[in-house]
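Values reported hereafter were calculated over all heavy atoms of this structure, with side chains retained and with hydrogens, waters and symmetry mates removed.
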Number of protein chains: 2
Amino acid sequence: MAVSTPSSRLDGAALGAWRGYLQSHAGIVRELDADLIAHHGLTVRDYEVLLYLAQADERQLPMSALSERTMLTRSGITRLVDGLVDQGMIERISCERDARVSYARLTDAGHSKLREAGRTHVAGIERLFLSNFTATELEQLAELLGRLPGATGVAQCTAGDEAPAARPSSRCSVD
Amino acid sequence: MAVSTPSSRLDGAALGAWRGYLQSHAGIVRELDADLIAHHGLTVRDYEVLLYLAQADERQLPMSALSERTMLTRSGITRLVDGLVDQGMIERISCERDARVSYARLTDAGHSKLREAGRTHVAGIERLFLSNFTATELEQLAELLGRLPGATGVAQCTAGDEAPAARPSSRCSVD
DNA sequence: CTATTGTAGTTGATAGATCAACCGACGCTG
DNA sequence: CAGCGTCGGTTGATCTATCAACTACAATAG
């Protein structure tokens with residue numbers, strides 16, 4: 001069959017890169033998630049949200065800001081935050097300047113939780129991802145992957161609850 | 001706060017690599033999926049399954065083989081295949097040697113569909129992923145990503161419907 | 001000031017995937 | 001060949017995230 005169709009550079013190395021990309025992602029995220037859930041009862045999504053809040057001014061962000069950063073739809077964020085509110089890690093605060101927006105604010109409990117979970121999570125990333133590379137290789141990877149859409153913010157939004165565009169940010173744990 | 005905790009190489013380049021990895025994946029897969037659904041009514045998962053079958057001997061594979069390759073649980077595959085059977089792209093065939101296993105076999109209809117969809121999909125991968133790199137860079141990427149768990153099959157299975165280990169394979173379309 | 005258009009967030013219905021529990025079939029051991 | 005652990009696959013309950021529709025408010029135009 002050969003690889004066929006378009007300009008098709010979809011041969012050996014190209015395919016290796018692509019498949020490695022897809023499969024490693026599935027495997028790593030699955031395991032990070034399992035770790036975090038087992039040790040702290042948090043999903044990676046939860047963790048991300050708490051982290052973004054911890055890094056934000058006043059430890060709070062509008063829902064839509066969270067939506068953009070996490071690559072979830074607005075409705076997805078509403079529900080995720082609902083859960084974290086129920087667990088007491090986040091509280092909702094309505095904005096005085098604009099009655100449409102409501103902030104999610106990290107509670108002290110949420111902040112503690114985040115710090116604990118951070119240990120597990122960072123260790124996991126180190127073990128599953130970073131430890132496979134040298135410092136130089138990590139630089140290469142960062143540069144290469146940084147060109148991809150999503151990492152650079154090239155997303156195309158079309159549908160109703162449009163798919164949010166990704167945004168790079170910093171840090172993987174608080175301290 | 002600094003990046004903190006473990007052996008923490010979770011600094012600049014390391015974090016860039018990790019975030020680029022996560023965010024680009026989310027963005028790219030989302031868009032590929034949207035493309036494929038819009039043009040052919042198939043999800044990327046569907047496509048993958050059809051492709052694996054097309055590449056297999058006799059165009060058929062046991063459910064568990066599909067489960068491994070796609071990184072879905074056995075129950076996930078059962079349901080996904082159910083759907084493709086309803087659409088007439090796949091048929092189930094029971095194994096004579098071992099009454100426990102049942103094969104999923106690609107029908108002619110499924111094969112045609114796969115070929116059509118392949119054009120869209122390969123073009124998408126080219127556009128969103130491959131076009132960002134030179135041939136040399138793709139080799140580097142393939143090598144680097146190939147070390148990661150999942151790509152190499154290092155998965156750790158624990159729970160009931162255990163998470164399947166990934167397996168590399170070849171090609172992204174049929175012809 | 002009112003009407004229109006757009007934005008932030010939530011909600012209902014639904015698809016996709018998981019876990020846990022299960023069934024039937026295999027295969028080994030005693 | 002009976003008993004026991006294991007394997008392949010399916011099912012029920014549940015969770016997560018989506019889309020589409022809707023509410024409420026804001027901002028702008030007429």
Checking side chain to side chain contact (heavy atoms under 4.5 Å, CB included) against B:L114, which of B:V49, B:L50, B:L53 comes through?
->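 Of the listed residues B:V49, B:L50, B:L53, the side chain to side chain contact (heavy atoms under 4.5 Å, CB included) partner of B:L114 is B:L50.
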Counting side-chain heavy atoms from C-beta on, which of [options] comes nearest to [X]?
X      : options               : value
A:A99  : D:dA26, C:dG9, D:dG8  : D:dA26
A:S102 : D:dT10, C:dG9, D:dC25 : C:dG9
B:R45  : C:dG9, C:dA17, D:dA17 : C:dA17
A:D98  : C:dA20, D:dC25, D:dG9 : D:dC25
B:M63  : D:dT10, C:dC19, D:dG8 : D:dT10
B:R79  : C:dC19, C:dG9, D:dG9  : C:dC19
B:T43  : C:dG9, C:dG16, C:dT10 : C:dG16

In whole angstrom, what separates [X]'s [atom1] from [N]'s [atom2]?
X      : N      : atom1 : atom2 : value
B:L61  : D:dG9  : CG    : P     : 11 Å
A:L72  : D:dC19 : CG    : P     : 11 Å
B:D46  : C:dA17 : CG    : C1'   : 13 Å
B:I77  : D:dC7  : CD1   : P     : 19 Å
A:R100 : D:dT23 : CZ    : C1'   : 13 Å
A:L66  : C:dA8  : CG    : C1'   : 13 Å

Check: residues 97-104 of chain A side-chain donor-acceptor pairs under 3.5 Å, at least two apart:
residue : atom : partner : partner atom : Å
A:D98   : OD1  : A:R100  : N            : 2.9
A:D98   : OD1  : A:R100  : NE           : 3.1
A:D98   : OD2  : A:R100  : NE           : 3.4
A:D98   : OD2  : A:R100  : NH2          : 2.8

D:dG9 OP1/OP2 closer than 4.0 Å to side-chain N/O of B:S64 |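 True: B:S64 side-chain N/O within range (under 4.0 Å) of D:dG9 OP1/OP2.
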Which of residues 84-95 of chain A have a heavy atom under 4.0 Å from DNA chain D?
->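 Per residue number, the list is empty: none.
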For the atom pair CG (A:L72) and CZ (A:R69), what is the distance rounded to the nearest 0.5 Å?
->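 The distance works out to 13.0 Å.
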Between B:D82 and A:L80, just flag the one whose closest nucleotide in DNA chain D comes earlier from the 5' side.
->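 Final value for this comparison: B:D82.
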